[in-house]
Structure formats: structure tokens, C-alpha cells
Amino acid sequence: MLRVYNTLTRKKEEFQPLEPGAVKMYVCGPTVYSDAHVGHAMSAIVFDIIRRYFEYRGYKVQHVMNFTDVDDKIINRANVLGVDPFALGESLIRDFRLHLDDLHILPATANPRATQTMKEILAMIQGLIDKGYAYAADGDVYFRVTKAADYGKLSGRKLDDMQAGARVEVDQHKEHPMDFALWKAAKPGEPAWDSPWGKGRPGWHIECSAMNLHELGEQIDIHGGGNDLVFPHHENEIAQTESFTGQQFARYWLHNGMLQLGGEKMSKSLGNLITIKDFLAKRDGDVMRMLVLNGSYRAPLTFNDEVLDSAEQGLERIKSGLRPAAPTAAGASPEALSALSTQAKNTQQAFTEAMDDDFNTAGALGHIFDLVRAINTARDAGATGEQLQPAQKTLRELTSVLGLRLAEKTSSGDADKFVDLLVEVRTEMRKQKLWALSDVIRDKLAALGVTIEDSKDSTRWRWG
RNA sequence: GGCGUCGUGGCCAAGUGGGAAGGCAAGGGUCUGCAAAACCCUGAUCACGGGUUCAAAUCCCGUCGACGCCUCCA
């Protein structure tokens, strides 16, 4: 039984899809006004793992991730750069997609954009006005929060409490300080679309509601995003969509925790961010994923060089389990092989149990390391490639559910042949006990990125 | 001020009533010509103080601390 933590109820609940065997999942993507940072990567990786796990469990997943491509910040930044806001968004979306690929994140089944959903946005706003949930004022349109009886149910807030906080902007157009914009009247020089209320553009929240409705229908299984979106964004989405359709919107609300850099949330507004591009220039995409897997997706995640180094070493360890049998392997005992296959079976089961419990990746990873150890023990006991194969296949399968690539480094070009030759020559030297010379070759190759591992009667090497 | 999450060995962290997973780092060992890799071994009064219970890291109350949201944010 798969259980997920639902922000709406603050409890873990059994996952029951609207339609058997299918999952409709909508995840809030970035607003494209500057380079995406590793916090965006974390969120994308979290929901990629969730999606992969659902697919592993046999569900057909519709995974929608939007791009917000019209918004104040995009316009401001485009003005600063002196470029067209749409061109800016376009190029950032292109970059983001490349990053997702480098991070081994499966492409969403749909990537709607605000600017391409304008018809649906306008229809929804009109519908909300018709039903009395929204009102036009001076070219703007606002949502009437007092009309939505359960406004605040996701974030656990009450309208009265929020007013007490007094950090709500005062706007004479609004009936209630917490009313929020569905449509914003255009200022001179801004991108604008025609509407019954004059030229303008959509507010931030309505686009997600409209895209959801358009791509997935009135009800969805899972709505996801960072926990900084719980209020006001997701709260407002619920208010809009449920007021419009008259029924429950998303059954399960899943939120990932924030990446912490130096004890603080990484964010664009704080400016303490590391872009995905900078990260990938230094580390493999698997490292970021490993970091996410080692923690709990709902909790804050520490991000620094120490934990990244640790993640990198952990990956090496998993890879050790995938390495081939010794060339001279004579075969392991039946007891050893039986222990290996038992461990593979147990690992598979324990993995599923962990992941079924609200995607407990840290637990799942622990079980995977048990299998790694069992494989390495069997290899040390002389298991042949054929004998290791079933367990290694299980290891591959489970790690790929988590989205790990686990690629061994390779060289481009013909270098391998020359390394083979050097290693061959070195083997001769070792036979003649020319240790000093052998060690020089080993050191120099290491400097070139080749790792040499000798055993009693054979030598193997690899990049990295 | 309001709402919420959390505090587990040097670091990251799983576990939410009855054995304190796992990874990284460190130390010791096996193997090796030496290394490396692999394997084995070594380590925790579970923030603090009360309470409930035969039994608490886990439930309840309190204290302290950290972080998030309440304004755009993954």
C-alpha cells in the first residue's frame, strides 16, 4: 500500500487514484526570468523520483509541469537587459530543459505555458465573475476570498489572523485586503492581451488553475511544488479552481522542502543561490540526485561541499556493486550464491516498502547499500559475471527507479587502446618485479585520470 | 504576533511505543610487492525538563534552539 503525506490533511494517507492505474500529477515549474538554481533542481528531482516510482508500481502517469512565462519579474528583467520578454523566457526555458536532461529528469508529459493558455484563463476568470467569486475593478479582476468558505484550508490560515499580521498590501480596488488579482490591467509598454476588462495579463495563480483544467481536467490526483508555494499560490489555486468547478481539485498536495545554503533557504530574493549551470560545471547530475535521495523530500536539505563530497563517494560505492567479476573468477560456492540471491530478493522488497511509505528514499537507499555489499562480497568470493548478473540487474533496476545514471566515466577518442597497452606492459614489469617502474606508470596514469587496481594475478583499470 | 516543520554519533540522515538502519569521514584489520578497490571490526545517556506506560528517540505537557510561510519564490 502506497502512502503519501498530504499537506491538506497533514497526514500520511493511502494513495487512491481517481482512475485505477493512472496518476494525474501537476507540478509547479519555474517563473522564467533568470537562470534556474539548484533549488529548482531539487524540486524537479523530487517529483521525477515520485513519477518514476509510480511508473515502477505500474501506474500510467500524466506529469504536467508548467512554465510561467509572463509576470512582472520577467518584464522588469527584460527591460533591464533590453531584450524582448518573450525571447528572454524562451531562451531560459530552453536552458532549463537542457539542465533537466543533464539531471536525468524525465521530460514531463506536457509543459504548458501561461502565454499559450490565454483563452482558457480568460474563460475561467469570466466564469468566476459569473458565479460571483470575482469582480472587476478598473481593468483589474480580483478573487473574492470571503466568498470561498474554506479559504485557507491548505495552509491552515484564517482570514482574520492574516489581517492581524498587517503585512497585506492596501489597495483601494480590493473589497478585502486578501483578495488577489486574477487579471492585471496593462501598464504602458507591457505585454498585454485583450480581455472583456481591457488590455492586461493574467495574475500568477490563475494560470496554473487554467493550465491544470485544460491539461488534466477538473480533478487531479497530485499537485506538487515547493513548500514555499503553499501560501499563497496553492491556496489561491484551490480557491479559484474549486469555486469554478464546484468540486475538490487535487486529492493530494505534495510539497518538497527547501534547499538550505549556509543555514538559510536558497532563493532568488536572498541572492544566495547556485545556478544549475554552475553546479553541473563541477559535478555530475547524479550527485545532486544522490543528495536529494539521502534525505527526506519534505525536509529542508543541507547543501554544501561536504555533503556533496559525501554524495559523490556514496555514488562510487553503488557503482562498485555494478563492476564486473574478477577476470580470474572461478565461481562462488552454492551457499554464497544463495546468500546473494536472497539478499537481492530482500532488497527489492524492502526497497518497495520504504518507497511505499511516502517515498522514503533514504530508507530505500539504505537497502540498496545492503545489496551492494552482498554483490561485492560474492565477487570477492569468486563469483563469475554470470553469477553476479541477476543481483546486478536488480541493483540496476532499483537505482534506475530512483533515476540514478551511475555511468562510469569514459574517454572520448582512442585513448583506451593506449591505456590498455601501457597496462599490458606494466603487467610484464610486475611479473619481473620492476616495482618502481610499475608504480611510476600507475602514478602517471592516475594523474591522467586512470585508476589502476591490481589484484594478485590480474590488473584492471578505469577512468575516474 | 499568527500558522507550520524540525532538533538522532564528527557530517548527511532512516526509524514515530518493545532490536538505534544506511552513507560519508576517522581509526584498526584482511587482501596486495606497495597502493587502490573490496570485505571485516570500532563508536549515540536520540536538544533539555517533567509526565503517561510493564516498556518512550517514538505519545502528552513545558523549556530552549533552528528553519520555513504570512510579500515574489521550487
Take atom [atom1] of [X] and atom [atom2] of [N], then tell me their distance rounded to the nearest Å.
{"X": "Lys73(A)", "N": "rU71(B)", "atom1": "NZ", "atom2": "P", "answer": "14 Å"}
{"X": "Met42(A)", "N": "rG68(B)", "atom1": "CE", "atom2": "P", "answer": "14 Å"}
{"X": "Asn272(A)", "N": "rA74(B)", "atom1": "CG", "atom2": "C1'", "answer": "14 Å"}
{"X": "Lys153(A)", "N": "rC69(B)", "atom1": "NZ", "atom2": "C1'", "answer": "19 Å"}
{"X": "Glu235(A)", "N": "rG68(B)", "atom1": "CD", "atom2": "P", "answer": "21 Å"}

Worksheet item: Is there a donor on the side chain of Lys265(A) or the base of rC67(B) sitting less than 3.5 Å from an acceptor on the other?
Response: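 No, the side chain and the base share no sub-3.5 Å donor-acceptor pair.
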
Once you apply a heavy-atom cut-off of 4.0 Å, does [X] come out as touching a base, just sugar-phosphate, or nothing?
{"X": "Gly39(A)", "value": "base"}
{"X": "His367(A)", "value": "nothing"}
{"X": "Ile368(A)", "value": "nothing"}
{"X": "Met266(A)", "value": "base"}
{"X": "Gly257(A)", "value": "base"}

G-U wobble or Watson-Crick pairing nucleotide for [N] (cut-off 3.5 Å, both distances):
{"N": "rU32(B)", "result": "none"}
{"N": "rA20(B)", "result": "none"}
{"N": "rC72(B)", "result": "none"}
{"N": "rG27(B)", "result": "rC41(B)"}
{"N": "rU5(B)", "result": "rA66(B)"}

Can you tabulate the close N/O pairs, meaning under 3.5 Å, that link protein atoms to atoms of nucleotides 8-12 of chain B?
from, atom 1, to, atom 2, distance (Å)
rC12(B), O2', Asn294(A), ND2, 2.9
rC12(B), O2, Asn294(A), ND2, 3.1

Between [M] and [N], how far apart are the [atom1] atoms? Round to whole Å, please.
{"N": "rG43(B)", "M": "rC24(B)", "atom1": "C1'", "result": "15 Å"}
{"N": "rG18(B)", "M": "rC59(B)", "atom1": "P", "result": "11 Å"}
{"N": "rA56(B)", "M": "rG51(B)", "atom1": "C1'", "result": "11 Å"}
{"N": "rG7(B)", "M": "rU58(B)", "atom1": "C1'", "result": "14 Å"}
{"N": "rU45(B)", "M": "rA57(B)", "atom1": "C1'", "result": "12 Å"}
{"N": "rA55(B)", "M": "rU16(B)", "atom1": "C1'", "result": "15 Å"}
{"N": "rC46(B)", "M": "rG19(B)", "atom1": "C1'", "result": "15 Å"}
{"N": "rA21(B)", "M": "rG9(B)", "atom1": "C1'", "result": "13 Å"}

Fill in: Among rC67(B), rA74(B), rU5(B), the one nearest Leu229(A) by side-chain distance
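Comparing rC67(B), rA74(B), rU5(B) against the side chain of Leu229(A), the answer is rA74(B).
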
Worksheet item: Any idea which of rG68(B), rA74(B), rU5(B) is nearest the Glu264(A) side chain?
Response: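 The answer is rG68(B).
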
Item to complete: Tell me yes or no: between the side chains of His255(A) and Asn227(A), is some donor less than 3.5 Å from an acceptor?
Response: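 There is no such pair between these side chains.
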
Practice prompt. Check whether the side chains of Arg373(A) and Asn376(A) place a donor and an acceptor atom closer than 3.5 Å, and report yes or no.
Written response: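 On atom types as modelled, these side chains do not qualify, holding no pair under 3.5 Å.
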
Fill in: Upstream residue (5' side of RNA chain B) when His37(A) and Phe231(A) are each assigned their closest nucleotide
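Per heavy-atom nearest nucleotide, the more 5' residue is Phe231(A).
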
I'd like a table of donor-acceptor pairs (distance under 3.5 Å, sequence neighbours excluded) in which one partner is a side-chain atom from residues 345-352 of chain A, with atom names and distances.
from, atom 1, to, atom 2, distance (Å)
Thr347(A), OG1, Gln343(A), O, 2.8
Thr347(A), OG1, Gln343(A), OE1, 2.9
Gln348(A), NE2, Tyr56(A), OH, 3.2
Gln348(A), NE2, Glu397(A), OE2, 3.0
Gln349(A), NE2, Glu353(A), OE2, 3.2
Thr352(A), OG1, Gln348(A), O, 3.0

Discussion item. Between Lys153(A) and Asp150(A), does any side-chain N to carboxylate O distance fall below 4.0 Å?
Written reply: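 Salt bridge flag = yes for Asp150(A) with Lys153(A).
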
Discussion item. On a heavy-atom basis, which atom in His223(A) and which in Cys28(A) lie closest, and how many Å separate them?
Written reply: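 Residues His223(A) and Cys28(A), closest heavy atoms: NE2-SG, 3.7 Å.
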
Worksheet entry | Flag, side chain of Thr361(A) to backbone of Leu293(A), donor-acceptor distance under 3.5 Å |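 Flag set: sc Thr361(A) to bb Leu293(A) pair under 3.5 Å.
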
Practice prompt. May I ask you to check whether over 12 heavy atoms, not counting those of Lys277(A), lie within 6.0 Å of atom NZ?
Written response: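 For Lys277(A), atom NZ is not crowded (no more than 12 foreign heavy atoms under 6.0 Å).
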
Practice prompt. With sequence neighbours left out, write down each residue that passes salt bridge (Lys or Arg N to Asp or Glu O under 4.0 Å) with Asp439(A), or none if nothing qualifies.
Written response: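 Only Arg442(A) meet the salt bridge (Lys or Arg N to Asp or Glu O under 4.0 Å) criterion with Asp439(A).
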
For a quick test of your reading: what N or O donor-acceptor pairs under 3.5 Å do the side chains of residues 91-99 of chain A make, sequence neighbours left out?
from, atom 1, to, atom 2, distance (Å)
Ser91(A), OG, Leu88(A), O, 3.4
Arg97(A), NH2, Asn111(A), OD1, 3.2

Worksheet entry | For Ala110(A), side chain to side chain contact (heavy atoms under 4.5 Å, CB included) partners two or more places apart |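 Here the qualifying residues are Val64(A), Pro112(A), Glu215(A).
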
Discussion item. Counting primed atoms plus P, OP1 and OP2 as sugar-phosphate and everything else as base, spell out the protein contacts along nucleotides 31-41 of chain B at 4.0 Å heavy-atom distance: B, S or - for each nucleotide, 5' to 3'.
Written reply: -SBBBBSBSS-

Discussion item. Among Asp72(A), Asp71(A), Thr115(A), exactly one meets side-chain hydrogen bond (donor to acceptor under 3.5 Å, both in side chains) together with Arg201(A). Which residue is that?
Written reply: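 Testing each of Asp72(A), Asp71(A), Thr115(A) against Arg201(A), the sole residue satisfying side-chain hydrogen bond (donor to acceptor under 3.5 Å, both in side chains) is Asp72(A).
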
